[in-house]
Amino acid sequence: MVALRSIFMDGGCFSRFQDEAKLLKARKMPVRCSVLSAQKPDKSIRVGILGASGYTGAELIRFLANHPYFGISLMTADRKAGQSIGSVFPHLITKDLPDLVAVKDADFSSVEAVFCCLPHGTTQEIIKGLPARLKIVDLSADFRLRDLNDYGEWYGQPHKASELQKEAVYGLTEIYRNKIQSARLVANPGCYPTTILLPLIPLLKANLIALQNIVIVSNSGVSGAGRSAKEANLYTEISEGIFSYGITRHRHVPEIEQELSDAANSRVTVSFTPTLMPMSRGMQSTINVQMAPGVSVKDLKQHLTGFYEKEEFVVVLPNDAAPHTKYVQGSNGCHINVFPDRIPGRAIIISVIDNLVKGASGQALQNLNLMMGIPENTGLSCMPLFP
């Protein structure tokens, strides 16, 4: 702790964080929190949030408020330009933050990194026009799909920044940590893919499950649809009922299949059905898989437990404990467990996250921490909100 304290107290020497990465990953949350609380935040790395008036923007502000090294110097929101963040999000009224501006009026001269929380389709052209020196984490879908033909098919328009797409790194932190550290542009994963890929990629890489007959049903809170006013998301439309949407054609399907195919070194096709739940936030994916010959449910669980043993944010639950969205709410955590199916040779994997945190803003901050040479849990070691 003494050695780590000296590093954290030296706010100007960020490269030294990388030398401590393995030690920091092995530490648990109380140790990290006690070290961070001993220093006065210097906020020396200035960051911008493009699209700060949405839910993901608000969550980024919440986490950055307690980040010792990232300070917000720019926030954009075209429809809210000129307003204070407190007028847009009253729960943030106590924070001393710059007023919102339109993207066209944004001054990036003092900014070192940007979180882009804009809708897909508009994001790629805006990022294309940003200074090349900026580190960027994009929370839209615009840079997730490597095949531009897939992007055109699933998003209904051609990609307008093909050169940038070539340098984008997919930002599933626990899987692609090394690539993210040296990236300039990171494509933050979608919320559904995060719950699905975290348990499945290690199992596919280890050849423990079959590539066929992967059936996924995912449930999401309404905040996953964003903050824009939509008739389908009105209280009277959502409350006291659930419904599936995007059946067979949800836009996260090619993202899921791209990453699973990479892990398996072979084409993987999944059955994916998303369902909207009458709750504000939270996400659960129930994944049915066929185990490889001779493999047991115990083997699946042991492999996942070992794979994520030293990870702070991904936890494989003990025994037969069922993951619950309430137990990760407001945190960057992902809880996973594996159960035997009644059908011989098959297993049921359940994975839960907070769709706005590990499924969006929390993972985005985790990624930018890595890109800037800072311990990736910085600003994220908060406990879940319960009840």
Report yes or no: does Asn332 contribute a side-chain atom to a donor-acceptor pair with the main-chain N or O of Leu380 at less than 3.5 Å? no

What pair of heavy atoms forms the shortest contact from Asp320 to Phe339, and how long is it? O-CE2, 3.5 Å

Matching residue for Ile349 among Leu198, Ile287, Asn337 - test: side chain to side chain contact (heavy atoms under 4.5 Å, CB included): Ile287

Taking Ser285 as the fixed residue, which of Thr194, Asn219, Thr195 is the one that meets the side chain to side chain donor-acceptor pair (under 3.5 Å) rule? Thr195

Exceeds 12 heavy-atom contacts within 6.0 angstrom, atom CD of Gln157: yes

Closest approach of Val111 to Leu134 (non-hydrogen atoms, all atoms of both residues): O-CD2, 3.0 Å

Kindly compute the distance separating NZ (Lys205) from CG (Asn265), expressed to the nearest 0.5 Å. 9.0 Å

Using a 3.5 Å distance criterion without hydrogens, assess whether the side chain of His303 forms a donor-acceptor pair with backbone atoms of Leu203. no

Inter-residue atom distance Met283.CE - Ser351.OG, 0.5 Å rounding: 10.0 Å

Can Met279 be reached from Ile242 by stepping across I, L, V, M, F, W or Y side chains whose heavy atoms are under 4.5 Å apart? yes

Measure across Pro68 and Thr378 and return the closest heavy-atom pair with its distance rounded to 0.1 Å. CD-CG2, 3.4 Å

So, the side chain of Arg144 versus the backbone of Ser140: is there a donor-acceptor pair under 3.5 Å, distance only? yes

Could you give all pairs that pass the salt bridge (Lys or Arg N to Asp or Glu O under 4.0 Å) test and reach residues 257-276, with sequence neighbours left out? Arg146-Glu259, Arg146-Asp262, Glu257-Arg267

Any donor and acceptor pair, going by atom type alone, linking the side chain of Arg184 with main-chain N or O of Ala132 inside 3.5 Å? yes

Determine whether a donor-acceptor pair (N or O, by modelled atom type, separation under 3.5 Å) exists between the side chain of Asn355 and the backbone of Cys191. no

Side-chain heavy atoms under 4.5 angstrom apart, residues restricted to Ile, Leu, Val, Met, Phe, Trp, Tyr: same cluster for Ile209 and Ile256? yes

Going through the checks in order, is the side chain to side chain contact (heavy atoms under 4.5 Å, CB included) test met by Phe272 and Ile196? CA-CA 10 Å; Phe272 174 63; Ile196 295 162; 3.8 Å; yes

Taking every heavy atom of Asp354 against every heavy atom of Arg281, the minimum-distance pair comes out as OD2-NE, 2.8 Å

Pairing donors with acceptors under 3.5 angstrom, does anything connect the side chains of Gln124 and Gln165? no

I would like to know whether Ser182 and Met371 meet side chain to side chain contact (heavy atoms under 4.5 Å, CB included); could you show each step before the answer? CA-CA 6 Å; Ser182 59; Met371 296 163 74; over 6 Å; no

Scan for ring-ring contact (aromatic ring centres under 6.0 Å, His included) pairs involving residues 368-387, sequence neighbours excluded, and state none if there are none. Tyr327-Phe386

At their closest point, which heavy atom of Ser361 faces which heavy atom of Thr56, and how far apart are they? OG-O, 2.6 Å

Distance only, no hydrogens: is a donor on one side chain within 3.5 Å (strictly under) of an acceptor on the other, for Asn367 and Thr173? yes

In terms of the angle between their ring planes, are Tyr151 and Tyr155 parallel, tilted or perpendicular, with boundaries placed at 30° and 60°? parallel

Stepwise, does the salt bridge (Lys or Arg N to Asp or Glu O under 4.0 Å) test hold for Lys160 with Glu125? CA-CA 6 Å; Lys160 300 173 183 176; Glu125 289 193 281; 3.7 Å; yes

Spatial distance of atom CG (Leu185) from atom NZ (Lys128) [nearest 0.5 Å]: 13.5 Å

For a quick test of reading the model, state the closest non-hydrogen atom pair linking Ala52 to Ile85 and the distance between them. O-CD1, 4.1 Å

Is a side-chain donor or acceptor of Asp299 paired with a backbone partner of Ser296 at a separation under 3.5 angstrom? yes

Tell me, yes or no, whether the heavy-atom count around Asp105 atom CG, taken from other residues, nucleotides or ligands under 6.0 Å, exceeds 12. yes

Any side-chain heavy atom of Cys117 within less than 4.5 Å of one from Leu50? no

Does Asp150 reach the main-chain N or O of Leu145 with its side chain, forming a donor-acceptor pair under 3.5 Å? no

When hydrophobic residues are tied together by side-chain contacts of less than 4.5 Å, even through go-betweens, does Val88 share a cluster with Phe115? yes

Per the side chain to side chain contact (heavy atoms under 4.5 Å, CB included) rule, which among Ile127, Asp138, Ile126 passes with Leu118? Ile126

Can you check side chain to side chain contact (heavy atoms under 4.5 Å, CB included) on Leu197 and Ile175, steps first, answer last? CA-CA 9 Å; Leu197 299 175; Ile175 303 298; over 6 Å; no

For His250 together with Tyr192, are the ring centres under 6.0 Å from each other? yes

Side-chain donor/acceptor of Gln290 to backbone N/O of Gly345, under 3.5 Å: yes

Would Arg249 and Glu153 count as a salt bridge (Lys or Arg N to Asp or Glu O under 4.0 Å) here? Give the steps. CA-CA 11 Å; Arg249 291 296 300 173; Glu153 176 187 347; 3.8 Å; yes

Is it true that Arg251 and His120 share a donor-acceptor pair across their side chains at a distance under 3.5 Å? yes

Separation between CG of Asp78 and OG of Ser53, rounded to the nearest 0.5 Å: 8.5 Å

Between Gln363 (side chain) and Pro189 (backbone), is there a donor-acceptor pair under 3.5 Å? no

Polar side chain donor-acceptor pair, Gln284 to Thr286, under 3.5 angstrom: yes

Give a yes or no on whether the backbone of Asp99 and the side-chain of Ser84 come within a donor-acceptor separation of less than 3.5 Å. no

Can you tell me how far CG of Leu368 sits from CD of Glu376, rounded to the nearest 0.5 angstrom? 12.0 Å

Verdict with reasoning, Glu167 to Phe143, per side chain to side chain contact (heavy atoms under 4.5 Å, CB included): CA-CA 9 Å; Glu167 70 168 287; Phe143 293 97; over 6 Å; no

In Å, rounded to the nearest 0.5 Å, how long is the span from CG of Leu100 to CE of Met75? 5.0 Å

